[in-house]
Structure formats: structure tokens, C-alpha cells
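Here the structure comes first, spelled out in C-alpha cells, and everything after it is commentary.
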Amino acid sequence: MSTYPFSAVLGMADMRLALLLNAVSPAIGGVLVRGEKGTAKSTAVRALAALLPPVRRVAGCRFGCDPAEPDPACPDGPHPVGVAAETHPARLVELPVGAAEDRVVGSLDLEKALGEGVRAFEPGLLAAAHRGVLYVDEVNLLHDHLVDLLLDAAAMGRSHVEREGVSVSHAARFLLVGTMNPEEGELRPQLLDRFGLTVEVGASRDPEIRVEVVRRRLAADADPAGFAARWADADAEVARQVAAARRRLPGVRLPDAALRQIAEVCAAFDVDGMRADIVTARTALAHAAWHARDRVTIDDVRVAARLALPHRRRRDPFDTPGLDDKRLDEALQRAQDAHPDDPDDDGSDGRGPDDTGPQGGGPAGDGGPNGGGPAGNGGPNGGHPVGGSGPQGGDGVDEVEPESAGQSAAWDGSGPGGRTDGPNGADGRPQHQMGDRGDDDGWPADDRRADDQNARTRENRTSAAGDDDPTRGGQSQPVAVPRGGLKARLLTAPGVGDGVPGRRSRARTGRGRTAGARVPTGRVGALHLPATVRAAAPHQTSRGRRTGPLRLRPDDVREAVREGREGNLVLFVVDASGSMGARQRMTAVKDAVLALLTDAYQRRDKVAVIAFRGAEARTLLPATSSVLAASTRLAELPTGGRTPLAEGLLAAADLLRVERLRDPLRRPLVLVVTDGRATAGTRPLDRSAGAAAVLAATGAPCVVVDCESGPVRLHLARRLATQLSAPMHPLTALTTRGDS
């Protein structure tokens, strides 16, 4: 099956730039691609491996050792000097979200160990990705224990395996590329910081670009081999440019002036640690090499900062990545003003007198970034891509090179004659607008109206911004932000579950303290040695053992049962009726829910939000790991009207029923935030009692949060808690101040 060509990916300028800069300099540390579904994130990443130079490896080495510099601790080594070598294409290894730990790091072959007495180690995906690309789709959904493994390998460049009595260490240096949809949840800060660069992508709202994208996709599906062949020359040209930039990279100079600019920018944006400075410097060097320059310029620093800093500015889950261009330019200007007579800064753009830059063909013999491609090819489907012909009027291939110095480092499909709208709309910024003023009934708008609002927002921003920087600061959707110092009380589901790893409720997981042993049902996980010995002991006489080692058989093996913590589905059922709509009371409710949302983020839960008011209940947010999305919907929450308590409870039961089918191992925890009143419909109290019985029948543990206040209290929330067989907590007891 042919891979979709990298050159055929239309638009996505910053994503392609970030990927290619990492191909030039893998030391940058990888790319995180954030964006809505269906925006060719995975397609572009999978096409990247074909552009990387081939890799020479020690023949027969399962750990991919470099014959020029083999790993002295390689489990298949030591490799002698002059060992035979073989050349392979760079590998793209995909790490599935649901992969087991032993599949990632490798494992001991227990059957050989017990049956033959041989300590045979089977390499995992980290070994396979050495000197290649490790790709994690939906990286934000990766289990915590796998995240820890990636963090260790990315930090040390090695993978250490300590399990079942075997100790193995091997090199694991790879280009880490992850893709994610922010609406499904955010990454842990530790892993987020490990990605060198981050880019935001979104589908273009330009009909002409969308038409061309569909045309190419259909052509590729109809004739994959033929489509790949039509773009083979363009991909080969990009691969040649990557190899040329790699050769130029060691000779690129980073002046002290550029270093001061990098330091000034990182300090201005208050990023943590020094990794941001180092990554920005490496990216600027790669960008200069990509443009065939022999020194880093201020434009290289600006582009590097836009790619390396946005995701390092987040302080809590309610922050969105972004970088303010005005602050960036001010920081760069301060660095220049502080050292106006810097001997390293001659005021030039870093190009020599004979180097005409990316648009002019590059240095002699290089062909230049835009000088390749067959003349008159016309591109796939017999026509030029949308936006005009190719940069030289020849092949019509969507440009794969950044623009010349002094312009934003992004590619479009237009060539030198003009720019097209980027893949993210007119201003290049993906919009995840989650609602506008709302429908006539006061509820958040549906998807159609949200899309209309997105288009209007893009148009307004285009006239003001005039560029296509997807990392530009500014946040269009309202976000409810918790007041400082509020911390949530820990609420857990009772009993012991079998859910996904997390940090909330007790559960049997692959990590944690050993709580017992069991007969394995598939591949053996962690070996429980004492239980294995106890299972084999009664059979030693019948197996003919008199002296010597214990005689074991495969059916003696017992695996450890470990108890740790799991993540839950925390479902917020919020009363937004008139009885709850008093300004101070609703503010207190939102503060408590936001504190609980922050707690859910830290404990790796999924969250969902249902609100009820008037005559109905609505699911404001389906089950997701995105605390930011939940906060946005909470900020839009309208109040007023009657209290349809029954509808809210029934909506919760329906959502739980669906989620049990989608994610059967994740236990729910339902938080009903209400004062217990029911005023909508006929016989509202009787109907709410029946709905409570339906919700209780799902078996989901519930907690009632009593929001009643004032001198006269009806204690209806206590009655609801009794109907749900749930504990009840007053609203004030759910949160504490951080300093208390």
C-alpha cells in the first residue's frame, strides 16, 4: 500500500515546516501536532519517513546500532570494529494508545525462560524506533504508565528494562511525533515539554482549497500507486533538500546576538526551565540551514520562537497555547537595543552575496528549495494546485519550502505571485469556537451556528492580523477560570475497579502494589514468583524431581495482580434553573465545579457536563478528557427558568448507558449539583423520584452537592441523596483554600 505523498498535502504550512526542521535536526526533539479531526495530521506524519535519509545499521542487530559508533551496551553486542553493515530506509514506528508496557519496552520470553532456562529478551517498540520516527496518534489519550516510559527514554536516549529478573539497557534515540485533538484532553505537562515544537492545524474554510484536497484524496484512493508516482519527483526533491540541509547544519553559526535574542524572548514569555532556550536555538539553526544560510538571523529566531514556545507557556489546564506576536517583536527589539554595536551582528540577513535565498535557487550546485521539480508536469489531476502555478511556473506542486527571510516562515500554494488562505482559514489560525451568544432559548449554539461564528471570527481577525500565524495569541471563546487558591476535595468511586490507569479510585491495574496473583489468561504480564513456586511445588514428585532445580511447566506460571489508581468518568449534572440562578450562588457553584475540573485533570479523568433548566436537560459536553472544553462550556452556561430535575437525572442515565458501551472499563462518578428543587412539568417531585431510581439502577456511584442557601431551607437535596443512595456534601465542603 502506497503512502500518501508528503508533497501532495495541501496547505498545513507550519506543520510541514516543523516536521521538516526536525528531519534536518532530530536534536530539536520532535513535533506535537494539535488540531481538529480530519485535518491530515496522521497523513503528513506517516509521509515524513519517506523523506528521511536512509540509515546504516549493524547487520543482524535488533537494536539498530550505528556501525560507525555502535552502542557498547547493546544487548546484541558488543559489535567488533569493521562489523558488517546494511542500509535500511528510516523507520516509522507507530505506538498504539492501548499498547501494553512489555510491547513498548520489550520483555523476557517467559516460556523460554521457564521451559529452556534461556534468558531471551524480546525488543519492544522503543528499540525498533531507534534512529527513526516514533509516532503516537492521539498521544493525549496515552496511558500514564506509557507516558512515563516515553519520558524516561526521551530524557536519557536509552531504554532501561528491569523486570522478571532481567536487566537490559539499549539506545533509544528517536524523533518523537505526536498528534492530538485538544477537545479530547490535554497532555501531561511533563510530556508536553518533551516535544520540541508544537503546531496548531485546522481545516481551511476556503471552498477552492477544500475542493482540491478532496480531488487529491479521491485520486489517491482510486489509484494509490499512480498517484504516488505522480508526486514521486516532488518528494524526491524535498528529500534531497533535507539531506542538503543536514550537511549544511554543522557549518551554521549561532552569533551571540541571536543567543541574546533567544534568551530575551524566553524570559519575556516566562517559560519554565532552560529547555525552551535550547530547543529554540536548535530550531533557529535548522531553519537557517533549511534556507541555505551560514548564520542564524533574527527571522530564524522569530520562526523558532513561534514553534518552540507556545506550548511551554501553559501554567494550568485552563490556559491555551499561544504566542503574542507583539510581545515577541518587542522582546527581539529589546535584545537588539541592548547591544546595538554587537560585533557578531553586521545587519545582514545572513546570506552571502551569491546566495539568492530560497526563492532564487539557493547556493550553486544545490538547486535551491524552489528550483527542483520537472517542468510542465502540471501536478496531479492534470492541473496546478489551487492558488496558482508552482513557484517557477513549472510543476505546480504545492510549495514545500518556507518563504524568504523577512516573511513569515510558512508555505502556501500560491508561489511568488501571492498568498492563499492557509489550511486554518484566512488568518491561518484554527478555531475551536465552542459557542456564541446562544440560541433564542439561551442555550449554547449548535454546531452550525458555531461554524458560522468561526467564519466571522476568522474574517475579523484577518483584517486585523494580515498573516497566517497559527500560534498567534488571542482566545476567542470564553473560558471560566477558577479563582486562585481553590482546591477540590477528593471524591472517589467505592470498591475496586478494573479501569484505565489514573489517580482517583482504587483499581486493579498494571502498576502499583502487588495485591495477589492469578492464572494468566493471555500473555504473561508481571510474574508473581512466590505464587508460581507454590503452584509448582505439589507436583515435583510426580515430575520426577529428587534434587536439583525446581521443575516448572507453563501452567505453573502465575502473574501478579497489582492495585493502583484508576481514572473515572466524572459526570457533572448541574442545576441551571432560576432557583440556582442567583448571581452569588451560581458563582459559588462554578467555582466549585472548576476546582473539581482541575482535580479531574490532575487525576486523568474524563469529564462530561449536563445542565438542566426550563423544560429540558442538555449535554453541554460529551465525555472527554479536555478540561479546557468543559470550562468553556461552563462559562457559556445560561441560567433561569424552572427546574426539570427529572430530565437532568434521566439525561445522566442515558449518557452513562452510552459511555458504558464505548469505554466499559472506566467507572463513572456522578456529581449532581443542585438544591433539590423540582418545579417543571406535572407532579415534578414524583417524576424526579422515578428518575432518581432509573439513575440509581445504572449502578453508577453518585454524590449530591447541596447548593441550597438562605435562612429558609427545604432540605430537598438530602431527600434526593437518599433516593440515589448517595452521600451528600454541602457546596462549601467541596473546596478548600490552597493555603488552609
Side-chain angles (χ1 to χ4, degrees), residues 37 95-104 136-147 180-181 183-185 491-512 515-516 518-526 559-573 596-597 599-601 603-610 619-627 629-630 649-672 691-703 724-726:
K37 53 188 175 292
L95 173 60
V97 170
E101 182 177 340
D102 56 356
R103 181 72 185 96
V104 177
V136 188
D137 192 15
E138 305 294 350
V139 64
N140 50 328
L141 304 183
L142 200 64
H143 290 172
D144 274 5
H145 67 290
L146 299 183
V147 170
M180 60 174 282
N181 183 348
E183 293 183 355
E184 296 176 340
L491 301 174
T492 61
V496 180
D498 294 297
V500 296
R503 296 190 179 91
R504 183 171 296 277
S505 305
R506 293 175 56 200
R508 291 176 288 272
T509 64
R511 300 170 68 87
R518 64 186 174 193
V519 178
T521 56
R523 185 180 177 89
V524 180
E559 66 179 358
V561 175
R562 291 179 174 173
E563 184 176 297
R565 294 283 174 177
E566 68 176 356
N568 297 111
L569 167 61
V570 181
L571 171 57
F572 294 91
V573 185
L596 291 168
L597 282 172
D599 184 65
Y601 168 78
R603 299 186 186 280
R604 316 306 294 166
D605 296 318
K606 280 188 173 182
V607 295
V609 179
I610 292 175
T619 301
L620 296 185
L621 184 73
T624 176
S625 297
S626 176
V627 176
L649 300 178
L650 292 175
D654 289 340
L655 187 146
L656 293 175
R657 192 175 300 112
V658 172
E659 288 303 316
R660 185 169 285 121
L661 297 175
R662 292 177 177 172
D663 196 355
L665 292 181
R666 189 180 291 271
R667 289 194 296 164
L669 179 61
V670 183
L671 303 182
V672 185
V694 172
L695 179 57
T698 64
C702 300
V703 175
L724 291 172
S725 300

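Positions are given from 1 along the sequence.
- The two residues R660 and T698 come nearest to each other via the heavy atoms NH2-O, 3.2 Å.
- Scanning all heavy atoms of the two residues, the minimum distance from K606 to D663 falls at NZ-OD2, 3.9 Å.
- In this structure the side chain of R657 reaches within 4.5 angstrom of the side chain of D654, judged on heavy atoms.
- Contact detail for L724 and A692: the closest heavy-atom pair is CD2-O, 3.4 Å.
- Of all non-hydrogen atoms in A726 and C702, the two that sit nearest each other are CB-O, 3.1 Å.
- Side chains of L571 and I610 form a contact here, defined as non-hydrogen atoms less than 4.5 Å apart.
- Distance check, rounded to the nearest 0.5 Å: CG of L620 to CZ of F572 gives 12.5 Å.
- Annotation: the span from L569 atom CG to R667 atom CZ amounts to 12.0 Å, rounded to 0.5 Å.
- Here the closest heavy-atom approach between residue P668 and residue A700 is recorded as CG-CB, 3.6 Å.
- The distance from the CG atom of L655 to the CG atom of L650 is 12.5 Å, given to the nearest 0.5 Å.
- Atoms CZ and CG, from R103 and L95 in turn, are 9.5 Å apart once rounded to the nearest 0.5 Å.
- Taking both residues in full, the closest heavy atoms of M180 and N140 are given as CB-OD1, 3.2 Å, listed atom of the first, atom of the second, then distance.
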